[in-house]
Amino acid sequence: MTAIKPEVISDPRVLSERLAEIRRQGKTIGLVPTMGALHDGHLSLVRQSQSLCDVTVVSIFVNPTQFAPGEDYEKYPRVLDTDLAQLESVGGVEFVLAPKPADMYPEGFDAHVHIGGVTRRLEGEFRPTHFDGVAVVVLKLFNIAGADMAFLGQKDYQQAAVIQKMVRDLNLPVEIRVCPIVREEDGLAMSSRNKYLSPDERRQAPILKRALDLAQKMISEKVTDAAKIKHEMRALIETAPSSAIDYISIADPETLDELESVGGRAVVLLAVKIGTTRLIDNVVIP
Ligand code: PAF
């Protein structure tokens, strides 16, 4: 991949014009929406986009509308220079959209996007305004970029399900690709929020993956009672002294409705605070 420097654009209208020209040349556009603080998980999305699309656009925007008061909007890591250096070293990213909040939400902005169904439980229950914020910004990004494909990480499983539902329900002309979770050597799913963990908490954090491995093992041993699996997972997670479980769920992979019994396809999802840092992770049972 050529080590080109991405062109960094803050004004969404300028990016739209540049990309309209590119589309007129018959080229396809891949979008990787991010909030920055890029890690190998994001870079794997960039590589996927490069392999499938002619032009790759990465958006870096800590989106205020998806954070509730008291969440980590202010402290969310903002490291644009490091992000750009990483994208440059990966190569092959043509454009970075790095808008300011006022570029995305100018004075008088007053639009809302609410996706029902899959947003109700899990993250939707613990962060009731979160997915409306995600939906509005992602819809804007799709429109700004006119993307043919968008690349999302499976770590945010429910987010990907919400965006896929938005695409279906609103007939958006974009194809969603959900890419596998990228993990640290000890199993911790990569996340920009891992930076918040103290060294002691960081040592405890792989408990999420261990609990998912346990669920997978029980299911492979033909345990079908979801309550029993969740009970064992809970007991394991509680051995980590700084852990506090928000939810453990075994759900239908499409609707995210809770399953009582695991027979066919399922997704095991969890959200656990380690100290004050809230981590999420999941595994799909084929
Ligand atoms: O997953 C994220 O980083 C964000 O929720 C997204 C999709 C970029 C929207 O702000």
Side-chain angles (χ1 to χ4, degrees), residues 10 12 15 29-46 48-49 56-68 71-80 82-83 86-87 93 95-105 109 111-115 118-119 122-124 126-145 147 149-167 170 172 174-182 189-196 269 271 277-282:
S10 61
L15 180 68
I29 295 165
L31 172 69
V32 181
T34 82
M35 298 206 299
L38 303 180
H39 49 67
D40 283 351
H42 296 115
L43 300 183
S44 76
L45 305 179
V46 169
Q48 267 295 308
S49 173
T56 292
V57 182
V58 176
S59 64
I60 297 181
F61 179 58
V62 183
N63 171 39
T65 63
Q66 70 189 73
F67 291 82
E71 288 187 350
D72 55 343
Y73 175 65
E74 277 81 21
K75 83 164 182 182
Y76 201 87
R78 290 162 172 84
V79 287
L80 185 60
T82 320
D83 290 341
Q86 287 199 74
L87 293 176
V93 174
F95 297 100
V96 169
L97 176 67
K100 297 265 177 302
D103 295 317
M104 292 295 278
Y105 302 114
F109 179 92
H112 303 269
V113 184
H114 177 75
I115 306 300
V118 284
T119 53
L122 310 171
E123 292 302 293
F126 284 85
R127 307 180 70 192
T129 57
H130 174 64
F131 287 126
D132 287 5
V134 169
V136 81
V137 80
V138 170
L139 180 55
K140 279 174 72 78
L141 291 168
F142 287 173
N143 287 333
I144 290 164
M149 284 190 187
F151 298 84
L152 302 169
Q154 189 202 308
K155 195 196 60 102
D156 296 294
Y157 187 94
Q158 191 176 11
Q159 167 172 279
V162 171
I163 294 172
Q164 282 169 310
K165 184 156 199 317
M166 175 171 79
V167 165
L170 301 180
L172 304 179
V174 56
E175 186 181 328
I176 305 298
R177 294 285 176 127
V178 183
C179 305
I181 300 176
V182 178
M190 289 199 183
S191 163
S192 308
R193 289 189 167 99
N194 293 350
K195 290 192 170 71
Y196 300 154
L269 306 116
T277 305
R278 190 169 181 281
L279 303 176
I280 59 173
D281 203 346
N282 65 82

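Everything quoted here is computed from the prediction, not taken from an experiment. Numbering of ligands and ligand atoms starts at 1, following listing order.
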Handout entry: CE on M149 to CZ on F142, rounded to 0.5 Å
Key = 12.5 Å

Practice task
Number the atoms of ligand 1 from 1 as they appear, then name those within less than 4.0 Å of a heavy atom of Q159, with their elements.
Solution key: 1 (O), 2 (C), 4 (C), 5 (O), 7 (C)

Fill in the blank from the handout: Quick note on ligand 1: atoms under 4.0 Å from a heavy atom of P33 include exactly 8 (C)

Exercise for the section: Could you tell me which non-hydrogen atom of P12 sits nearest to which non-hydrogen atom of M104, and how far apart they are? Expected result: CG-SD, 4.0 Å

Completion exercise
So the atoms of ligand 1 within less than 4.0 Å of a heavy atom of V137 turn out to be 9 (C), 10 (O)

Fill in the blank from the handout: Residue, atom and distance of the protein heavy atom nearest atom 10 (O) of ligand 1 read Q66 OE1, 2.6 Å

Handout entry: Euclidean distance, N282 CG relative to K155 NZ, rounded to 0.5 Å
Key = 9.0 Å

Exercise for the section: Give, for atom OG1 of T65 and atom OH of Y105, the distance between the pair rounded to the nearest 0.5 Å. Expected result: 3.0 Å

Practice task
Just say parallel, tilted or perpendicular for the rings of Y76 and F67, cut-offs at 30° and 60°.
Solution key: perpendicular

Fill in the blank from the handout: Atoms of ligand 1 under 4.0 Å from any heavy atom of T34, numbered from 1 in the order shown, are 8 (C)

Practice task
Give the residue, atom name and distance (to 0.1 Å) of the protein heavy atom nearest atom 3 (O) of ligand 1.
Solution key: M35 CG, 3.5 Å

